[in-house]
Structure formats: structure tokens, C-alpha cells
Amino acid sequence: MKNKKKLVIVIMIILLVLYFGYKGFSLIYYHVDYDLDSNYDIKNTITINHKDIQSDNYLQFKNIKIRNDFKDYEKLETSVPIENTSDQLVLKDENNHTTKAFWMGTSDTYVYLLKADKTLYGTDDNRITNANLTSILEKNNIHNDIKLFNYLSSQEYVRNNIFTSVKNMKENYAIQFMTSVMMPTMNGITLINGDYEGYIFNLKDNMKEVSILKDDKRYVFSFINDVPITDEYLTDILSTITID
């Protein structure tokens, strides 16, 4: 009887060692060593009410038009073909240094991109699968970018530990890694409602990236300035957007 008890104790010890060894290995394997210093909190909301302007005062790229506040800018010349995705304008000073820039074009939503081929982001990390990312989105009922940002905000302080299930370790690693390589570092998000729906990334160094959501696409307007860009100015110029 004593030998049986000793055998049971030995087996339990071995199982515990194997269990915590596996959990310890998983904790290291699914550790995210990337910059997660982004704030996905929705800080405030601006309301856009469309207003028409004179037809000769528009800047147009494909089916997108916006008031042309950029007549002194010049088109950015680059070795990378951008004509099919965006129009990029810059304003330079007397020393040929760029002081302001404005880009507008189209892109996929972030929810769509998370479901896309992960190699688009230059990674072949075997710890991440597109099926895993899709499962995370579906499990958390994330069908649009706004819900994604709310989820990311709730995950800001989530870190794996020895008591985290390996399944959750995998999910935490997948979503944190992909967002770290896919999304810019920001200081919060401003929602857009009214005649248009979308959001604004409040980026660092006087940069704003505006996304208008329509037809499962993002219509993107990026503003880079040498002085802070106010919500009042953005509300005014965004109200002139026309998307056919």
C-alpha cells in the first residue's frame, strides 16, 4: 500500500512538472516582444454635415473629392508606384524640407486586413494563422473597425502569465503581434458620425489619419502639419468630402 501511495505521489509530481514546464515554455514562446505603446481609446466624437462647394475648388483622386486647401503643394515623386492607391502632396520650405503633407486614397479596413494573408505584413511566424485571427474576431463579435478598436483598448493591459490557458496565450500573441505590425502608434481615436461614418487616428508629431468608411472600404485622408491640427479644422474640411 505504501509503495502504491509513493507511486501515485511520484506520478503526480511528474505530471505537475510536465504541466508547469509546458506552461512555462508556452509563456516564453507566446511572449510579445513588440511595441504595444498605442492608445486605442476613443477620446471624442466629431459630427460631419456635408456641404457643397464650387466645383473648381475641389481636389480629386479617382472617385474622391475634397476642398482643395493644398494648391501650393506639389505631388510627391516616388520610385514606388502609388497612382492606384493614393495621391500624395507635400509642401516644402526654401531649403527643400517637407513641412506639410496631405495624402488621400483608399485602403482595406483593419478587420479585413486581419483576415488577409499574414505574409502581407512581412511575417511567416508559425505561431499565427489566419484561421486563428478570424476565430478571435468572430468569437468577440468584431465585424467592423470600431469594434476592433474597442477590443484592442480592452486588451491594452492583458499579458500572458503562468495561469493563462495556452489557447488564450496563442490568441493574445496573435492579436497583439498583428496589430503591432499593422497599425500605427497613436494617442487615441476620434469617432466621426453624421453624414459620414469613420474615425481619426491621432498620431504623433501633428499627424492625423482620417478614415471614412463606405462600401467596406476605408477612404483615407492623412494630414501632416508643422503645427497641431485642430478638430475644428478637420470638421470643416471633412464636411466637403464627396465620394461617388
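The model shown is predicted, which means the values in this text are computed figures rather than measured ones. The first residue in the sequence is number 1, and the count goes up from there. Values below: all heavy atoms of this structure, side chains included; hydrogens, waters and symmetry mates excluded.
Proximity of Arg218 to Asp145: side-chain heavy atoms (C-beta onward) are separated by under 4.5 Å at one or more points. Residues Leu59 and Met104 are in side-chain contact: their nearest non-hydrogen atoms beyond the backbone lie under 4.5 Å apart. Counting heavy atoms from C-beta outward, Asp216 and Thr109 have side chains that stay 4.5 Å or more apart. Side-chain atoms of Tyr19 and Leu15, non-hydrogen and from C-beta on, never get closer than 4.5 Å to each other.
One distance of note links CE of Met186 with CG of Asp41; it measures 11.0 Å at 0.5 Å rounding. To the nearest 0.5 angstrom, Lys65 atom NZ is 12.5 Å from Ile241 atom CD1. The CD1 atom of Ile42 sits 4.5 Å away from the CG atom of Asn150 when rounded to the nearest 0.5 Å. From Ile142, atom CD1 reaches atom OG1 of Thr134 across 11.5 Å, with rounding to the nearest 0.5 Å. In this structure, OG on Ser153 lies 6.5 Å from CG on Asn39, to the nearest 0.5 angstrom. The NZ atom of Lys23 sits 13.5 Å away from atom CD1 of Ile28, with the distance rounded to the nearest 0.5 Å.
With ring centers used as reference points, Phe61 lies 6.0 Å or more from Tyr219.
Under a hydrophobic clustering in which Ile, Leu, Val, Met, Phe, Trp and Tyr are joined whenever their side-chain heavy atoms come within less than 4.5 Å, directly or via other members, Leu213 and Tyr151 fall into the same cluster. Follow the hydrophobic side-chain contacts under 4.5 Å out from Ile243 and you reach Phe223 in the same cluster. No continuous path of hydrophobic side-chain contacts links Trp103 to Met183 [ILVMFWY only; heavy atoms under 4.5 Å]. In the hydrophobic clustering of this structure, Leu133 groups with Ile146; members are Ile, Leu, Val, Met, Phe, Trp, Tyr whose side-chain heavy atoms approach within less than 4.5 Å, directly or through other members. Note: the hydrophobic cluster containing Tyr29 also contains Leu27 (ILVMFWY, side chain heavy atoms under 4.5 Å, direct or indirect links).
Scanning all heavy atoms of the two residues, the minimum distance from Thr240 to Tyr58 falls at O-CE2, 3.4 Å. In this structure, Phe201 and Pro184 approach most closely via the heavy-atom pair CD1-CG, 3.8 Å. Contact detail for Ala101 and Val90: the closest heavy-atom pair is CB-CG1, 4.0 Å. The shortest non-hydrogen separation linking Ile229 to Ile224 is CD1-N, 4.4 Å. Across all non-hydrogen atoms, the minimal contact from Asn160 to Asn168 is OD1-O, 4.2 Å. For the pair Leu203 and Asn187, the tightest heavy-atom approach, listed with the atom from each and the gap, is O-ND2, 3.9 Å.
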Candidate pair Tyr233 and Asp69, rule side-chain hydrogen bond (donor to acceptor under 3.5 Å, both in side chains), full reasoning: CA-CA 11 Å; Tyr233 172 73; Asp69 288 0; 2.8 Å; yes
Test ring pair (Phe, Tyr, Trp, His ring centres under 6.0 Å) applied to Phe70 and Phe221, step by step: CA-CA 13 Å; Phe70 317 100; Phe221 306 82; 9.7 Å; no
Are Leu148 and Leu137 close enough, and set up right, to give a side chain to side chain contact (heavy atoms under 4.5 Å, CB included), and what steps lead you there? CA-CA 8 Å; Leu148 173 63; Leu137 296 174; 4.3 Å; yes
Pair Asn193-Thr45, side-chain hydrogen bond (donor to acceptor under 3.5 Å, both in side chains): steps then yes or no: CA-CA 7 Å; Asn193 64 20; Thr45 302; 5.2 Å; no
Can Lys71 and Asn57 be said to form a side-chain hydrogen bond (donor to acceptor under 3.5 Å, both in side chains), step by step? CA-CA 10 Å; Lys71 295 176 181 177; Asn57 198 29; 3.2 Å; yes
Determine whether Ser239 and Asn49 satisfy the following criterion, side-chain hydrogen bond (donor to acceptor under 3.5 Å, both in side chains), listing intermediate values before the conclusion. CA-CA 6 Å; Ser239 68; Asn49 297 309; over 6 Å; no
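Under a 4.0 Å N-O distance rule, the pair Asp244/Lys214 does not qualify as a salt bridge. Contact check on Asp108 versus Lys217 returns a salt bridge, with a Lys/Arg side-chain nitrogen under 4.0 Å from an Asp/Glu carboxylate oxygen.
Results of the side chain to side chain donor-acceptor pair (under 3.5 Å) test with Asn141 over Glu138, Lys139, His143 single out His143 as the only residue that passes.
Counting non-hydrogen atoms of neighbouring residues, nucleotides and ligands closer than 6.0 angstrom, the CD atom of Glu197 reaches no more than 12 such neighbours. Within a 6.0 Å sphere centred on CG of Asn63, other residues, nucleotides and ligands contribute more than 12 heavy atoms.
Classified by interplanar angle (parallel below 30°, tilted 30° to 60°, perpendicular above 60°), the ring pair Tyr40/Phe149 is parallel.
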